[in-house]
Amino acid sequence: MLQLSFIREKTAEVIDRLKLKNFDGAEVISEILRLDDIRRETQKALDDLQAQSNTLAKEIGKLFKQGKTQEANTLKENTAELKLKAKDLDEKLESTRKELDELLVRVPNLPHTGTPSGRTAEDNEIILSEEALIPSSGEYLPHWDLASKYDIIDFTTGTKITGSGFPLYKGKGARLQRALINFFLDEARGEGYLEVQPPYMVNAVSAFGTGQLPDKDGQMYYAPVDDLYLIPTAEVPVTNIYRDTILKARDLPVKNAAYSACFRREAGSYGKDVRGLNRLHQFDKVEIVQVTHPEKSYQALEEMREYVAGLLRKLELPFRIVKLCGGDMSFTSALTYDFEVWSAGQKRWLEVSSVSNFEAFQSNRLKLRYKDEAGKIHLAHTLNGSALALPRIVAALLEINQTHEGIMIPEVLKPYCGFAMIN
RNA sequence: GGAGAGGUGGGUGAGUGGCUGAAACCAACAGUUUGCUAAACUGUCGUACGGGAAACUGUACCGGGGGUUCGAAUCCCCCCCUCUCCGCCA
């Protein structure tokens, strides 16, 4: 959620920058400003009225104590009218606030000035491509064939148990999952992230705090009996640790890492996108989250980008980093880097990580603030990134490391796996 | 799931209708003292939204929502949460 004060002060700039996200904000913004004027006006009137009531009430109390019942009762009569007026104003204030909020919540975050313009993934800017490891020739089976060949991922049984998009990992397949999770968590810890283990279900307030509600309502699994949502990413519970919090400036940056299973309905996906491990309803991911000082958030973003790149290098996977254009970026993000690994079997890039700076957009909803040295309170910045999401990493690993003898495990993972080859 | 107790500022905790945005203590922060640390002393110490150039000031908030009243942290109703006991159980 954008800050009202910012919209008020930099109206033209806000509208202008929203265009980068292909969002025509002119109308909404002016409506927001209009409602905000009404809101402030109404509040002023209501406050004044209540100030009057308060003084009256005090006087009445005093008169009663002095035994001046007659005078007190006369004053009492005056309060009836005040109350009526106050009620009106209160209702007006409430409804204006609600209207204002509904509009405000639907305005996306402003893209960073360095954001490439464009509408679709085609317009994204490739800022780094490490393709040396891409095999120039040879037969490479897609991972779903390898999965059944070595009996390490059983999609059919997963479908039987639950439904499509819920694979059953078996034997070395299951152990590889566990190895990757541990590897990612250990690496994150080495980078200064505090490991946390969050709940996998969240309440509506939390889902709202990070922007999943109302924006992505239909994408989350929902348990109506208890009114809880299954998390689509650990970002939700981890960032919500700091909801309604005022941190001390010296506590920044906060760095957390969490493994979680992630649940996504992925309504509307189909075709080659959902084949094998490409897109699942349940998958594993290690997420890194940072809460930073506003002036440090872009530096943190670059650090996170370097960190994720380092992970992919250690895994010896060809990858590229893409800076998302305005149209491809998420609602809440100001700047996002996507990481894509090369799928040797499918001959295409697969997204495995998304690293974003949300600036104060999430903080504003979350009421996540920090107190500076002078005791002033400001919104902090939040960032997060996958480090990393497992399924497509597994897909890429299986495909690129296949040999006639079996699938080779990358050096860094061997101690975690406890085996060097899947055969 | 059943029964009971309770939810007050960063923490402990006082407050049962007006003088309480909230005592006291602890923690925290700043200063004095000190060779340093500690101790002691002094001071500061909730948030949000308004008004004001500023000093300052108005309103709201004592789990959440509603109600009674001229006036509610305090009384009433609903909801949520926590704790204790019982039941069940990884």
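Quick note on labels: first sequence line is chain A, next is B, and so on, each numbered from 1.
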Reckon R40(A) has a side-chain N or O less than 4.0 Å from the OP1 or OP2 of C49(B)?
no
Distance, P atom - from A30(B) to U37(B), rounded to whole angstrom
13 Å
Taking atom C1' in both A28(B) and C45(B), what distance in whole Å separates the two?
8 Å
Could you tell me how far U16(B) sits from A73(B) if I compare only their P atoms? Round to whole Å.
13 Å
Interatomic distance, L228(A) CG vs C80(B) P [rounded to whole Å]:
13 Å
Is there a Watson-Crick or G-U wobble partner for C25(B) with both distances under 3.5 Å, and if so, which one is it?
G11(B)
Measure from CG on L63(A) to P on G71(B) and round the result to the nearest Å.
15 Å
Could you please name the partner base of G50(B), counting Watson-Crick and G-U wobble pairs only when both distances are under 3.5 Å?
U57(B)
Expressed as a whole number of Å, how far does the C1' atom of U20(B) sit from that of G9(B)?
13 Å
Would you say R97(A) places a side-chain N or O within less than 4.0 Å of OP1 or OP2 belonging to C49(B)?
no
OP1, OP2 of G50(B) versus side-chain N and O of R39(A): anything below 4.0 Å?
yes
Which value, in whole Å, describes the distance between the C1' atoms of nucleotides C76(B) and A23(B)?
28 Å
Between K62(A) and E59(A), is there a side-chain N and carboxylate O pair less than 4.0 Å apart?
no
Whole-angstrom distance between G4(B) and U57(B), as gauged at atom P
49 Å
Just checking K44(A): base, sugar-phosphate only, or nothing, at a heavy-atom cut-off of under 4.0 Å?
sugar-phosphate
Short N/O separations, protein against nucleotides 53-59 of chain B, under 3.5 angstrom:
residue, atom, partner, partner atom, Å
G58(B), N2, D47(A), OD2, 2.8
U59(B), OP1, N54(A), ND2, 3.3
U59(B), O2', D47(A), OD1, 3.2
U59(B), O2', Q50(A), OE1, 3.2

Nearest-angstrom distance from the residue atom CD1 of I246(A) to C1' of G9(B)
12 Å
Answer yes when R313(A) and E316(A) have at least one side-chain N-carboxylate O distance shorter than 4.0 Å, and no when they do not.
no
Expressed in whole Å, how much space separates the P atoms belonging to A60(B) and C78(B)?
27 Å
Residue pairs fulfilling ring-ring contact (aromatic ring centres under 6.0 Å, His included) with at least one residue in residues 35-90 of chain A, sequence neighbours excluded
none
Counting any heavy atom closer than 4.0 Å, what does I377(A) reach on the DNA or RNA strands: base, sugar-phosphate only, or nothing?
sugar-phosphate
Qualifying residue for side-chain contact (heavy atoms from CB on, under 4.5 Å) with N124(A), from L324(A), T336(A), D338(A):
L324(A)
So does K248(A) get a side-chain nitrogen or oxygen closer than 4.0 Å to the phosphate oxygens (OP1/OP2) of C29(B)?
no
Between the main-chain N or O of Q52(A) and the side-chain N or O of T55(A), is there a donor-acceptor pair closer than 3.5 Å?
yes
So which nucleotide does C81(B) pair with, by the Watson-Crick or G-U wobble rule with both distances under 3.5 Å?
G6(B)
Judged by nearest nucleotide, the residue sitting upstream toward the 5' end of RNA chain B, K83(A) or K87(A), is K87(A)
Could you tell me how the ring of H293(A) sits relative to the ring of Y370(A): parallel (under 30°), tilted (30 to 60°) or perpendicular (over 60°)?
tilted
Separation of U69(B) atom C1' from E77(A) atom CD, nearest Å, is 16 Å
Charged N to carboxylate O under 4.0 angstrom, K170(A) versus D151(A)?
yes
Do K92(A) and L46(A) come within less than 4.5 Å of each other through their side chains, counting heavy atoms only?
no
Of G375(A) and D36(A), whose closest RNA chain B nucleotide lies nearer the 5' terminus?
G375(A)
Tabulate protein N/O versus nucleotide N/O from nucleotides 16-18 of chain B, keeping only pairs under 3.5 Å, one per line.
residue, atom, partner, partner atom, Å
G18(B), N2, A57(A), O, 2.7

How are the rings of Y259(A) and Y200(A) set to each other: parallel, tilted or perpendicular (split at 30° and 60°)?
perpendicular
For C62(B) versus U8(B), give the span between their P atoms, rounded off to a whole number of Å.
12 Å
Taking OH from Y242(A) and P from G10(B), how many angstroms apart are they, rounded to a whole number?
18 Å
Which of these, V286(A), L312(A), L180(A), D284(A), sits in a side-chain contact (heavy atoms from CB on, under 4.5 Å) with L388(A)?
L312(A)
Flag side-chain contact, heavy atom, 4.5 Å: L368(A) against Q362(A)
no
